[in-house]
There are 2 protein chains.
Amino acid sequence: MNPLDLIAKRAYPYETEKRDKTYLALNENPFPFPEDLVDEVFRRLNSDALRIYYDSPDEELIEKILSYLDTDFLSKNNVSVGNGADEIIYVMMLMFDRSVFFPPTYSCYRIFAKAVGAKFLEVPLTKDLRIPEVNVGEGDVVFIPNPNNPTGHVFEREEIERILKTGAFVALDEAYYEFHGESYVDFLKKYENLAVIRTFSKAFSLAAQRVGYVVASEKFIDAYNRVRLPFNVSYVSQMFAKVALDHREIFEERTKFIVEERERMKSALREMGYRITDSRGNFVFVFMEKEEKERLLEHLRTKNVAVRSFREGVRITIGKREENDMILRELEVFK
Amino acid sequence: MNPLDLIAKRAYPYETEKRDKTYLALNENPFPFPEDLVDEVFRRLNSDALRIYYDSPDEELIEKILSYLDTDFLSKNNVSVGNGADEIIYVMMLMFDRSVFFPPTYSCYRIFAKAVGAKFLEVPLTKDLRIPEVNVGEGDVVFIPNPNNPTGHVFEREEIERILKTGAFVALDEAYYEFHGESYVDFLKKYENLAVIRTFSKAFSLAAQRVGYVVASEKFIDAYNRVRLPFNVSYVSQMFAKVALDHREIFEERTKFIVEERERMKSALREMGYRITDSRGNFVFVFMEKEEKERLLEHLRTKNVAVRSFREGVRITIGKREENDMILRELEVFK
């Protein structure tokens with residue numbers, strides 16, 4: 001079969017989303033990247049660097065990431081970057097023989113696996129959202145978002161360690177780390193078959209600039225750097241990430257607000273009688289049967305509001321205070 | 001074998017290059033991206049867009065690329081973008097069954113094929129740098145830079161058409177189009193199995209911002225968009241590309257200078273007795289035997305100058321006037 005026909009059959013079509021509404025569907029940060037920091041990015045630019053093939057990552061960004069990680073067991077050869085955390089996931093699917101993930105999970109795992117034609121295995125989480133018993137080993141890469149997406153719940157250390165002990169490689173996707181406040185990066189002291197993936201898209205309001213980073217053994221980072229595009233993150237995007245880390249207290253303040261709003265919404269939703277998860281991300285997750293869910297989505301559509309639908313329910317991104325108030329009112333009315 | 005060991009055996013290591021010298025080795029534009037255009041990029045930014053997953057490409061960039069292409073047979077569904085032209089090449093290697101290319105050619109074809117573990121076939125150009133007879137067909141993608149890299153010479157239309165007629169898919173890499181002034185994009189009126197790849201890295205002094213674009217049939221673009229990363233080019237990089245196209249006369253002026261310098265160097269090198277190609281890129285190519293080449297490279301190293309070595313000779317990027325004068329002096333002394 002013609003390769004283009006094969007791809008059209010195998011892979012999801014590329015789609016863009018209309019933004020002419022209250023958009024709480026992609027877990028974006030409600031706060032814009034601060035204007036004065038945009039000014040600082042442009043002040044710090046050396047416009048003569050724009051014409052060259054600029055190292056990706058540059059040493060300064062690696063140092064700032066290392067200091068942000070604040071560990072005593074990592075060095076510059078334990079860190080690399082991606083064109084968003086998405087590229088790191090995408091490349092890891094090319095690096096290993098088979099990708100394994102546990103729905104409900106990050107939807108791009110399936111999208112990227114089908115895009116690149118990677119072998120993959122999906123084994124649903126257990127009824128109480130635990131990592132299932134699964135037959136994995138060397139050659140497999142197991143993608144585990146923690147906190148999980150779309151449910152936001154957190155996996156216990158023992159669950160992660162059970163998979164690590166099988167010898168399979170674990171991609172621990174900590175995209176929502178900042179909204180949880182706890183990381184399992186310390187597992188790297190004990191396990192070589194682990195990569196921790198982080199992003200500037202969520203807590204640092206930089207989704208449009210596509211900067212993710214990965215922390216792992218020197219052996220993994222060397223292999224990852226061989227397989228990825230050599231110049232994968234632009235000069236200006238790296239500068240945005242550096243300026244963000246230099247002013248992390250601004251983003252920590254905002255993260256505090258988002259976490260408070262999340263907890264406010266969780267208790268309000270519980271009081272209304274909704275079944276929700278103990279989300280630790282920048283979103284809440286409401287379990288809903290299909291029929292009720294379709295009615296809610298339709299109700300929200302009439303209010304020009306977009307949230308994200310999953311088989312098990314709906315995920316609602318934490319927005320600005322007034323957006324969260326509006327969502328609570330609508331869910332009260334709907335109830 | 002452990003996938004990481006397999007990659008370390010199969011793929012080239014990631015390397016960065018020290019820039020503490022006159023650097024004429026990566027075909028970068030000698031002119032910096034204009035400061036006032038950097039200001040214009042920054043003025044046109046909507047800082048609230050930085051927090052969202054920004055469409056890649058956005059419609060405005062596609063329209064500006066279409067108007068730059070200036071054809072009457074292409075529409076917005078015939079164009080997409082890449083994280084540099086490199087990502088387009090990289091993704092095409094994932095889309096097709098086998099990659100074929102004709103050394104001496106763009107070194108990243110081989111690097112990316114080995115990085116992603118793609119099947120590939122290398123058939124050297126003929127003695128007089130023509131496309132060889134080669135057995136290719138559906139399922140194959142044939143990468144042809146035109147003007148060629150590193151030799152800079154141009155392939156005749158008939159040579160390209162011979163490959164198109166086999167049914168193999170042709171990736172016509174026109175990264176140096178602006179320095180040649182002629183394109184074979186019109187082949188798209190006649191052939192579906194063709195993609196023309198362009199870049200903002202060379203003529204537009206934006207190598208650090210990673211923006212390439214591809215022009216092809218709607219069917220190809222649909223398949224490419226399914227396989228690539230959905231958010232592959234950042235918001236700010238797209239703005240740099242838009243501002244560059246809005247002020248293309250500045251870059252056309254610079255390209256004129258670079259082409260004049262190239263022709264000046266070609267005649268001077270011929271007069272010195274060097275065997276060179278009729279390069280149409282932003283570089284010259286000097287044929288040299290191994291032993292003489294090593295001596296020249298050593299000589300240039302003592303002068304803190306970096307050029308690019310190939311089996312057949314050396315490629316020297318056209319730099320600023322004083323850099324070109326210095327290179328001519330050193331090649332005269334060396335002769």
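What you are looking at is a predicted structure, and each value in this text was computed from that prediction instead of being measured. Lettering follows sequence order; numbering is per chain, from 1.
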Is [X] in contact with chain B via its backbone, its side chain, both, or neither, using a 4.5 Å heavy-atom distance?
X        : value
A/Phe31  : backbone
A/Phe204 : neither
A/Phe200 : neither
A/Gln209 : both
A/Asn46  : neither
A/Pro34  : neither

[atom2] on [Y] to [atom1] on [X], rounded to 0.5 Å:
X        : Y        : atom1 : atom2 : value
B/Asn232 : A/Asn232 : CG    : CG    : 12.5 Å
A/Asn2   : B/Phe96  : CG    : CZ    : 7.0 Å
B/Arg19  : A/Tyr53  : CZ    : OH    : 10.0 Å
A/Met95  : B/Leu6   : CE    : CG    : 10.5 Å
B/Asp97  : A/Met1   : CG    : CE    : 11.5 Å

Is a donor on one side and an acceptor on the other found under 3.5 Å between the side chain of [X] and the backbone of [Y]?
X       : Y       : value
A/Glu35 : B/Ser47 : no
A/Arg51 : B/Phe33 : no
B/Asp55 : A/Thr16 : no

Smallest separation among heavy atoms of [X] and [Y], with atom names:
X        : Y        : value
A/Pro13  : B/Arg226 : N-NH1, 3.5 Å
A/Ala49  : B/Ala208 : O-CB, 3.3 Å
A/Gly139 : B/Pro3   : CA-CG, 3.8 Å
B/Ala8   : A/Asp222 : CB-OD2, 4.4 Å
A/Tyr14  : B/Pro57  : OH-N, 4.1 Å

With a 4.5 Å cut-off on side-chain heavy atoms, are [Y] and [X] touching?
X        : Y        : answer
A/Phe112 : B/Pro230 : yes
B/Arg210 : A/Phe231 : yes
B/Val116 : A/Val91  : no
B/Phe240 : A/Val236 : yes
B/Ile52  : A/Leu26  : no

Max heavy-atom pair count under 4.5 Å with chain B, selected residue of A/Glu15, A/Arg228, A/Lys114: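 Max contact count across the listed options: A/Arg228.
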Per-residue tally against chain B (heavy atom, under 4.5 Å) across A/Leu45, A/Asn29, A/Asp48, A/Leu4 peaks at A/Leu4
Tell me whether [X] at atom [atom1] has more than 12 heavy atoms from other residues, nucleotides or ligands lying less than 6.0 Å away.
X        : atom1 : answer
A/Lys76  : NZ    : no
B/Glu17  : CD    : yes
A/Lys119 : NZ    : no
A/Glu59  : CD    : no

Ion pair B/Asp5/A/Lys219, N-O distance below 4.0 Å: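 Here B/Asp5 pairs with A/Lys219 in a salt bridge, since their nearest N and O are under 4.0 Å apart.
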Looking at [options], which has the largest count of heavy-atom pairs under 4.5 Å with chain A?
options                             : value
B/Leu206, B/Val211, B/Asn27         : B/Leu206
B/Lys202, B/Glu28, B/Glu138         : B/Glu28
B/Val141, B/Leu229, B/Leu94         : B/Leu229
B/Val227, B/Ile7, B/Asn225, B/Leu50 : B/Leu50

